[in-house]
Structure formats: C-alpha cells, structure tokens
There are 2 protein chains.
Amino acid sequence: MAVTISDVARAAGVSRGAVSLALNGHAGVGNQTRQRILNTAKTLGWTPSLRAKSLRSAKAYALGLVIAREAKLLGSDPFFPSFIAGVEMTLEKHDYTLVLTVATEPGAEERSYRKLADGGRVDGVILSDVRHDDSRIALLSGLGLPAVTLNRPDTPSPFPAVCMDDAVGITAAVEHLMSLGHTRIAHVGGEQAYLHGRSRRRAWGNALTAAGLDADLFAEADFTAPGGVAATARLLARKNRPTAIVYANDLMATAGQSYAQAHGLNVPGDLSVTGYDNAQFARYLNPPLTTIAADPLAWGREAAAMLLGQVKGTHDGGDLVLRPPRLVLRGSTAVVPKHVAAVAEDRSQISTAGI
Amino acid sequence: MAVTISDVARAAGVSRGAVSLALNGHAGVGNQTRQRILNTAKTLGWTPSLRAKSLRSAKAYALGLVIAREAKLLGSDPFFPSFIAGVEMTLEKHDYTLVLTVATEPGAEERSYRKLADGGRVDGVILSDVRHDDSRIALLSGLGLPAVTLNRPDTPSPFPAVCMDDAVGITAAVEHLMSLGHTRIAHVGGEQAYLHGRSRRRAWGNALTAAGLDADLFAEADFTAPGGVAATARLLARKNRPTAIVYANDLMATAGQSYAQAHGLNVPGDLSVTGYDNAQFARYLNPPLTTIAADPLAWGREAAAMLLGQVKGTHDGGDLVLRPPRLVLRGSTAVVPKHVAAVAEDRSQISTAGI
DNA sequence: GTGATTCACTAGATCGATTTAGTAGCCGTC
DNA sequence: GACGGCTACTAAATCGATCTAGTGAATCAC
C-alpha cells in the first residue's frame, strides 16, 4: 500500500512508464531492465493499487449480488450460502471480488442496485430470485449495468441467463408419488410472484394432468416454516384431504410434516411428503425427508463465470443450461394408505364409467 | 457514470473546485452559486465516482468478511446469513458496502485476507470464527488492516472485540437438565480449535463440576451433521451412557437425535437433547428441539458499527459485550428416566458415603 | 484612507496507475 | 553519410475527485 510504482521507478532508476511496462509484461523495455525492475518491485514489496487501477481502467474488479430477503428469513435459506461459495470459486481465480448487499425491506432493493451501479462499485450483477414481470430487468438495463439472470425471466431480457430447470425434479417427485399409488397429491408452493414459485407449481400441475388427475390441491405459502404450517393446515382440513404433499422447499416440508404429525397423522403411513433443496438437516428428520437436490454451488460458479465473460466481452450472449436437480428418495414417502387406495379405486371406476 | 464533476463545472460556469465545495456542503461558495451548482448537478444526473473518491481519499468504502468453510458446509450454517444481514443493516446507513470472500480450502484463507488488504479493497475486516492461538491476528496487524473480532481472542490482540458470551446459554441448558434430574449429561462439541468450541465445552464442564458432577462425557465433533452422528454413537456406546446430551449446535443435535431414535431410544423419554443456534427448522423437528437462541443479526450490526468507528477513528478501542443468548425450552428435554434416576440415586449415596 | 481581513472563487497539484506521443541512440542500407 | 526503421526508453496526459495556495474584490478597523 505504501510503496507505489513511483517508488519502484526511483529505486530502479527508470521512469514510471517503464515500470508499468515491465510489471505488465508489455514490450518496450529491454530484458535486463525488466528484470531489474521486477526485482526491485519484489524487494520493495510493491502491490498494485486497485484503487488507481480502477480509476484508470474504469473497472471495479468486483461483481455484485443483491439478496432481497427479510433478515430473519435469511438464516434458514440453504441456497445463498452455497451459491455464494460457488461464485467465489470462480472469482478467486480472477482478480475479482464479490460485493454483497442484503435488502431487507421492500423498497431497499432498488436502492441497493443503484448504490452498486452509481458509484461504479461493481462491473456487473447476478440477478437471483427472478420474479414475474421483474422490474429489475428494466432498472438494470437503464443503469447500463451488465447482468446475468438465474433462469430466464418471463419478460424480454437483454441479459444472458444461467438456467437450472426446477420442473424436472418436481415432475419426478409427483411421478414417484403416483407410482406409489397416490392420486390426491397436493402442492404447497412458494410465492407465485417468484418464477421458481410458478415453475414448481406448473410442473406439479402438468405432471398430474398428464396422468389424468386433477391438480386442484394447491396452497400458496411463502417458503417459510410458519407459512408451510398454515398451508398444510388448509390442505389437511379439506374434506378430500391429500395423501401426499409436494412442498416447494425443505423448510416448508419440515414444518408441514411436523404439523401433520402433531395432528395424529403418521408420515409416511398416512401422508407422504417431499421437499426441495436437500438441506443438510433434511436427511436427519424423523422420518428423513424425500427431497430434490439442486446444485447451488455449480449454479454460482457458472453464473459468476458467465458474468465475468459478459463484463470482459468474451461471452457470446447465449444462455447456459445446467444439469437439472434430481430426486432424493428417503423415508417421508411411502405407498398410499390401503383404505384410501380402495376409495380412489372406486372413484376412478366411477369416473371412468361416467365418460 | 458518464457525467463528471467537470461536466457540472462547465455547465454551471464555475471551476471544478467550486463544484466540489458546493456538493460537499463546504464553505467557500456563495449561496446562489451553490444552488446553481446543485441544480445543474441534479439536472445532469451526476453521481460521484466512487473510484475517484477512493483513489483520492485512500479509502475503499468497503468492509471485508472472510468466511472459512468447506463449500458444502456453508448451506447449513444458520449463523452467517443472519450475521451478514446485520452487517448490512449498519452499512446501508453509511456509504459502505460489504466485500465477501469465501475460503473453501485451508490455505485459501490467508490469500483471501491478502487479496482484500493488498489492493486496498477494504478498509477493515470482521474476524469471525476466532481460533485458539489465531494466526490471523498477527497477519492482520502485519498487513496494517483494521479489524474487529467476534469475541476476544486468547492471544493478545490489538483489535476491539464484539462479544457474545456463549457460556451463559450452555450453563442454562446444563442447569435445566440437572433440574430435570439428569446427572449423566454429555457434551458433543465443535472443533476445539475454535474459541466458541472451547468456551461451550468449558461452560458445560464448569456447570457440571459446580454441581459436583463429573464432566467426563465429552465427544469432539465438527459442527456437521455426520460429525454429530459419529460423536453421538460414541457416547451412546459407553457402558454408562448419558441420559442427556448438550450439543454445540442445532445441526449436530438434529443428527444426533435422529441417530438415537433410529437406534430405539425415545427422545426425550430415554434421552434429552439440546442444541445451539435456534435454527428455524429446530422447532419443527420431532420432537421440537430445546436450544439456545443467539442473536447473529445484532452481532453483525454491532460488529459493523464498531469496525466503521474503528476505520473512521471515532471508536474508543473498548470491547462491546452484547446480551447473551437465552435458552429456548421445547420438547426434546424431559425428566430423567425413572430407572436411571434410581441408579443415579444409589450412586450418589455411595459416592457421598465414600467421602 | 490605508492596511488588514474576509469572502468567493480559480488554477493547479495530487492520489497511483496506464497510455500516448515523442526522443535518443543504434543499426542497416543504398 | 543521410535516411529509414527499429529498440528502449521518458515526459506528460489521463481517469474523477479533493485539497492547497493564491487572487481579486469587497468589507472592516482605526
């Protein structure tokens, strides 16, 4: 920090320009002079000032991530920490760092993006938790800030996307439950304002209708444990209660499973349950939770790589599709209870007869 | 970004210096000139270039946090996301941002600190997960980087600390268990290289010996679920198995409880269990987990505030002690099983007689 | 009424690196 | 031996803000 390029120049008896050329491996200095400069730089313990570099090159050497979450919800989200670890895996190979902003209040999100963009604190941002008709797309293109989105927005977006299809996992979960004889399969979804809330619901609905079943047992929640409890309570209070519930994340599944057990239902004997995320605690629940394992680490790694490419102008602009999450079978799913199966059998005969 | 202070100066018909004075509210420009400058700046949409400011003021306007964790462990830690949210609560009020680095490999940690310090990317760092004889203290003072530590290191440290005493909660947990009649109370600790691993163990031991009980049922683990399982297995395999286990975090408690149940033990009927962290899922376990609720949000908020004070030279150098975590009673703890209580009674009589 | 002081403002240096334009010296060539 | 072309380097501008020194004009004191 204290030692600058001028100090090196003086010590080596050359001009600042020569030092710059030597240190950056550019042509224009003779070999012995270059060596002398390199040696003195090393001896003096010179390190480049990122601040000077930034000003000169009009680059921040940093990428941004804005997380919009209520503060108290953040601790229970298994996604972001792993995702960020993935981002770092890419960044540590380059001379970039991650600037993280948490927007805990609704209005704070836009302010956060402006804060990152205005002063030129970052060279680009990763857009996560994409929402239906997401206003941030327009905001960022207005700000002229390069970006990469996690999954493709449902509005026209100038930014490339790194995609991980959550439909595949949900479809697998529903099909798994159907193969166990379930016909009344409910879904507790996250906020439908989020694209991943929507796509999970859609996948659930499609899998059911493709099998000729009704997709009517839906309850919207908010990805939180209390929300999961409330949604589960609504579903179980129905006259035609589900025999299986596909939750949009592990936290809601955990809370829902706990609620069902507290009300005398055996899981999976009376009710099968699946989650999403494969949180580490999920396999230690009682029963262990059948869930869907995504790969947030890879997602972070690739998103950062794509954004770097975007910033450096080497990215071609195309989307990248990652390997989809896979179903992890554990003890929270089992064959449909016999008496229910019998009833379902009756019904299906009746409905078949009715056609 | 495109519009600079020179543009404003030209448009307002004054010098760059005058614009700077006006925009920063310094004396030296007349009132009407100041207004004119402010207006033109607003009209042109000028925002200060953080890069130029940084170079000029030799400040980064950013604080750093290095998280050293294996990538796959990060998703299950309820501490950091909340902690970071707390840090942001403080930073968003100032013109600072958080630069986050994740060091997933052992050697990467020092590199991370150097990366933050060398280029002058941050003005200070928060030192978390303080270890016994922590080498980072010397590293950071060598680098001349201001810092704040979470809890006071056990080596002389020039940095102020924000402290949250985890002994209080553990002591409360042990006393709670003793009040339920337990005498064979084990502890599954985290790595003893961490100060919070040590202090929790010490608190457990002290509480037991203060009550005249032996603190011999200790098993070291690593804060992970598999580690919790292994440690629990070792404890339960002892001839004189514990009737209660105090775990150093919720994840290990969850895994341990699950292991005990899988091996035919009723929790809390045969074995009482307590955790630490009050992770959101903990109250939805079966049974709900008795645990210790810290306040990582407040910790982050105060640590950031202290570091900012440190950086700006307004901090007095003293430590700050936050309110200690509190015990949250749930269903995983209950009175000691009768037959065990009888045996314990016998023993205590014998040992008393032996004195 | 003259010297001192204050006010409002400007010119230019500065932070640390990169880059452009230019120069001195050397070699080769016709 | 004059010129072109090359290498190895230097001086100075540049990025965008801030800070220092200084200037001209107005005001004040005695």
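Every value quoted in this text rests on a predicted model; they were computed, and no experiment measured them.
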| field | Flag, side chain of A/Asp316 to backbone of A/Gly318, donor-acceptor distance under 3.5 Å | value | yes
| request: Specify the separation, in whole Å, of atom CG of B/Leu50 and atom C1' of D/dG16. | output: 11 Å
| field | Candidate list B/Val87, B/Leu100, B/Asp129, test side-chain contact (heavy atoms from CB on, under 4.5 Å), partner B/Phe80, passing option | value | B/Asp129
| Between D/dA17 (P) and B/Asp95 (CG): distance, integer Å | 13 Å
| message | Evaluate B/Thr104 against B/Arg69 for side chain to side chain donor-acceptor pair (under 3.5 Å), listing each step before the verdict. | response | CA-CA 5 Å; B/Thr104 49; B/Arg69 282 274 195 289; over 6 Å; no
| Could you give the NZ-to-C1' distance, from A/Lys53 to D/dT14, as a whole number of Å? | 17 Å
| Hey, can you pull the residues of residues 19-38 of chain B with a non-hydrogen atom under 4.0 angstrom from DNA chain C? | B/Gly28, B/Val29, B/Gly30, B/Thr33
| said: Nearest whole Å is fine: how far is D/dG16 C1' from B/Arg10 CZ? | reply: 13 Å
| request: Would you kindly give the CG-to-C1' distance between B/Leu55 and C/dT18, to the nearest whole Å? | output: 12 Å
| Between C/dT18 (C1') and A/Trp46 (CH2): distance, integer Å | 11 Å
For residues 54-63 of chain A, which side-chain N or O atoms pair as donor and acceptor with protein atoms under 3.5 Å away, sequence neighbours left out?
{"residue": "A/Ser54", "atom": "OG", "partner": "A/Leu50", "partner atom": "O", "Å": "3.0"}
{"residue": "A/Ser54", "atom": "OG", "partner": "A/Lys59", "partner atom": "O", "Å": "3.0"}
{"residue": "A/Ser57", "atom": "OG", "partner": "A/Lys53", "partner atom": "O", "Å": "2.6"}
{"residue": "A/Ser57", "atom": "OG", "partner": "A/Tyr61", "partner atom": "OH", "Å": "3.3"}

| note | Applying salt bridge (charged side-chain N to carboxylate O under 4.0 Å, His left out) to A/Arg114 and not counting sequence neighbours gives A/Glu110
Throw together a table of side-chain donor-acceptor distances under 3.5 angstrom for residues 296-307 of chain A, partners on residues two or more places apart or in other chains.
{"residue": "A/Trp299", "atom": "NE1", "partner": "A/Val162", "partner atom": "O", "Å": "3.0"}

| task | Sorted by first residue and then second, give each salt bridge (charged side-chain N to carboxylate O under 4.0 Å, His left out) pair with at least one member in residues 8-33 of chain B; sequence neighbours left out. | result | B/Asp7-B/Arg10
| message | Heavy atoms from C-beta onward define the side chain here; which of C/dT10, C/dG16, D/dA17 lies closest to that of B/Arg56? | response | D/dA17
| said: Parallel, tilted or perpendicular, judged at 30° and 60°: which one describes the rings of A/Phe83 and A/Phe79? | reply: parallel
| note | Ranking C/dG12, C/dA17, C/dC15 by distance to the side chain of B/Arg16, first place goes to C/dG12
Taking only nitrogen or oxygen atoms into account, show me every contact under 3.5 Å that the protein makes with nucleotides 24-27 of chain C, one pair per line with its distance.
none

| task | Sorted by first residue and then second, give each salt bridge (charged side-chain N to carboxylate O under 4.0 Å, His left out) pair with at least one member in residues 37-49 of chain B; sequence neighbours left out. | result | none
Review item, nucleotides 4-7 of chain D N/O atoms under 3.5 Å of protein N/O:
none

| Sidechain-backbone polar pair: A/His315 side chain, A/Gly317 backbone, donor-acceptor under 3.5 Å | yes
| query | Residues in side-chain contact (heavy atoms from CB on, under 4.5 Å) with A/Ala41, at least two apart? | reply | A/Val8, A/Leu23, A/Trp46
| message | I'd like to check the side-chain contact (heavy atoms from CB on, under 4.5 Å) partners of B/Asp134; sequence neighbours left out, ordered by chain and number. | response | B/Val130, B/Arg131, B/Arg136, B/Ile137
| task | Hey, could you give me each pair passing salt bridge (charged side-chain N to carboxylate O under 4.0 Å, His left out) that has a residue in residues 141-163 of chain A? Not counting sequence neighbours. | result | A/Arg152-A/Asp319
| field | Overall bend - the helix from C/dG1-D/dC30 to C/dC30-D/dG1, comparing terminal axes fitted on five pairs, nearest 10 degrees | value | 60°
